[in-house]
Every structure is written in C-alpha cells, then in structure tokens.
Amino acid sequence: VPFNSETLVTGQLFEDIRDAVFETARPDEYDTVVVINLCVPTASGVPLDLLPKQIEGVRIIGIDVPGFGVPTHAEAKDVLAGAMLRYARQEAEQGPVPRPRNLAGDGPSVALIGELFPADPVGVGTLLAPMGLQLAPQLPSREWRDLYAALDSVVAAAVHPFYVATVREFRAAGRPVVGSAPVGVD
C-alpha cells in the first residue's frame, strides 16, 4: 500500500491497508493474505490486529517486521518466515490443513531454509535423491500451503545463518535442523 506523510498525519494509512486487504482477499485466488508492517507503519502505530482474521474464508494475517533492531534484509525475512511458519504450525496442530498444490512426491523430504539462487534447489535435490529424499518447499515460501509441506519434512536444512526464528519453529514442530555446511548421508 503506497503511503506518504499525508496518509500518516491524517491516519488514512490503516484505512488504505484495510481497503487493500478487502480487495485482495479473493477466495478463488488466495488461501491467505499476509500483511507485512515494516518500520514506518510499525512506528506509526498501524494496528494490524484490527484487521479481520478472515474474509470469505481467506485468512488475514498481520505481521510486524520492525525495521528498528532488525539489521539485515535476511533477518527481516526470517522474522516474517518464522511468524508465518508459527501460524501454519498452530493450524496443523489443530487438525487437517489444505494439501499443498505442487508436491514433488510422497516420500520423505528436506526443507531448505534461507535465500537460494534459482538453480540451488535443483542441485540439492539431485544430491538428496540417492539418499531417498526429496525437497520440500523452501522457506521463505511462495505459497501459504507450502508452509504445511515444509513442516511435513523429516528434517530442515538451514542454508542461511540468519534464519533463527524459522529454525525455532521447525524445532517446535519436532523437526531436526541441520546447519549450513556440506551435509552427506550422515
């Protein structure tokens, strides 16, 4: 949602965000709308908790990612990915969740955590195949349902050192996490 000093001074920013959420929450296209509150809206007191929790079956999730105290881009993405994973984990703990749309297969999988180049998952997947493993969707993910598939993995591999909140959520889900280093069968 674009904003300027006028929207901050007049208090219109929250209404603009709310309008954008209602326009975006189309159940035929989305399971979830995630609203990310960065440093200026957070400091301005934009109350994401006042957004509806659901619109026509589409979840509305507000996440504050404060720019103050989060020194790097990767750490801000970790705050976001960890919060989304926590929400998805809590949903899965309550009962059945929607099946991810593009699963590679039904075998045991490894979730990759961190920022990757586009060819990285292909290369890692090739290394995992002889071990009888496949890749789960990586985090941060592109689609909400991918969070469920990542949580369903047998292990998570933290390929980026700043994703501590995301690692914490995998551990809370009972998934072991291996650190970023060349990892073989052991």
Side-chain angles (χ1 to χ4, degrees), residues 1 17 21 24-25 30-54 58-103 108-118 120-121 124 133-181 183:
V1 174
I17 292 170
V21 167
T24 306
Y30 302 108
D31 291 329
T32 307
V33 173
V34 179
V35 181
I36 306 163
N37 216 7
L38 298 173
C39 58
V40 173
T42 299
S44 302
V46 173
L48 294 183
D49 57 331
L50 294 181
L51 292 172
K53 302 300 178 216
Q54 213 177 83
V58 176
R59 289 180 224 70
I60 308 301
I61 301 171
I63 299 173
D64 287 311
V65 182
F68 313 108
V70 181
T72 68
H73 179 78
E75 288 168 294
K77 288 174 89 172
D78 175 47
V79 170
L80 176 63
M84 291 170 60
L85 196 60
R86 180 181 326 109
Y87 194 101
R89 178 179 57 79
Q90 290 169 344
E91 284 183 323
E93 288 171 350
Q94 292 174 14
V97 293
R99 182 174 171 79
R101 290 184 174 99
N102 300 314
L103 286 178
S109 63
V110 176
L112 300 179
I113 304 169
E115 300 174 44
L116 303 169
F117 291 108
D120 289 344
V124 172
L133 299 167
Q134 61 190 5
L135 283 180
Q138 77 183 55
L139 291 173
S141 64
R142 295 185 178 264
E143 186 171 323
W144 186 265
R145 292 178 187 200
D146 288 346
L147 296 167
Y148 304 134
L151 284 167
D152 195 41
S153 63
V154 295
V155 65
V159 296
H160 199 288
F162 290 123
Y163 282 77
V164 294
T166 306
V167 165
R168 188 171 37 251
E169 290 306 318
F170 272 105
R171 288 188 174 140
R175 300 297 178 266
V177 179
V178 294
S180 58
V183 177

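Numbers here are sequence positions counted from 1. Everything quoted here is computed from the prediction, not taken from an experiment.
Between V124 and L116 there is no side-chain heavy-atom pair separated by less than 4.5 Å. Between S153 and V110 there is no side-chain heavy-atom pair separated by less than 4.5 Å. Between F170 and Y163, the closest side-chain pair of non-hydrogen atoms is not below 4.5 Å. With a 4.5 Å cut-off on side-chain heavy atoms, V177 and T166 do not count as touching.
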Run the side-chain contact (heavy atoms from CB on, under 4.5 Å) test on L139 and D146 for me, step by step, so that the C-alpha distance in whole Å, both residues' side-chain angles and the decisive distance to 0.1 Å come before the verdict.
CA-CA 9 Å; L139 291 173; D146 288 346; over 6 Å; no
Could you go step by step and tell me if T24 and V58 meet the side-chain contact (heavy atoms from CB on, under 4.5 Å) rule?
CA-CA 10 Å; T24 306; V58 176; over 6 Å; no
Is there a side-chain contact (heavy atoms from CB on, under 4.5 Å) between W144 and I61? Walk through the geometry before answering.
CA-CA 11 Å; W144 186 265; I61 301 171; 3.2 Å; yes
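The line from NZ of K77 to CE of M84 is 11.5 Å long, rounded to the nearest 0.5 Å. Atom CD1 of I60 sits about 11.5 Å away from atom CG of L48, to the nearest 0.5 Å. Of the inter-residue distances, the one linking L50 atom CG with I17 atom CD1 reads 11.0 Å to the nearest 0.5 angstrom. Atom CD in Q94 sits 7.5 Å away from atom CD in E91 (nearest 0.5 Å).
Checked options R59, E143, R145; the residue passing with T32 is R59 (criterion: side chain to side chain donor-acceptor pair (under 3.5 Å)).
In terms of modelled atom types and a separation under 3.5 Å, the side chain of R175 and the main chain of L151 share a donor-acceptor contact.
Between H160 and F162, the two ring planes are tilted [angle within 30° to 60°].
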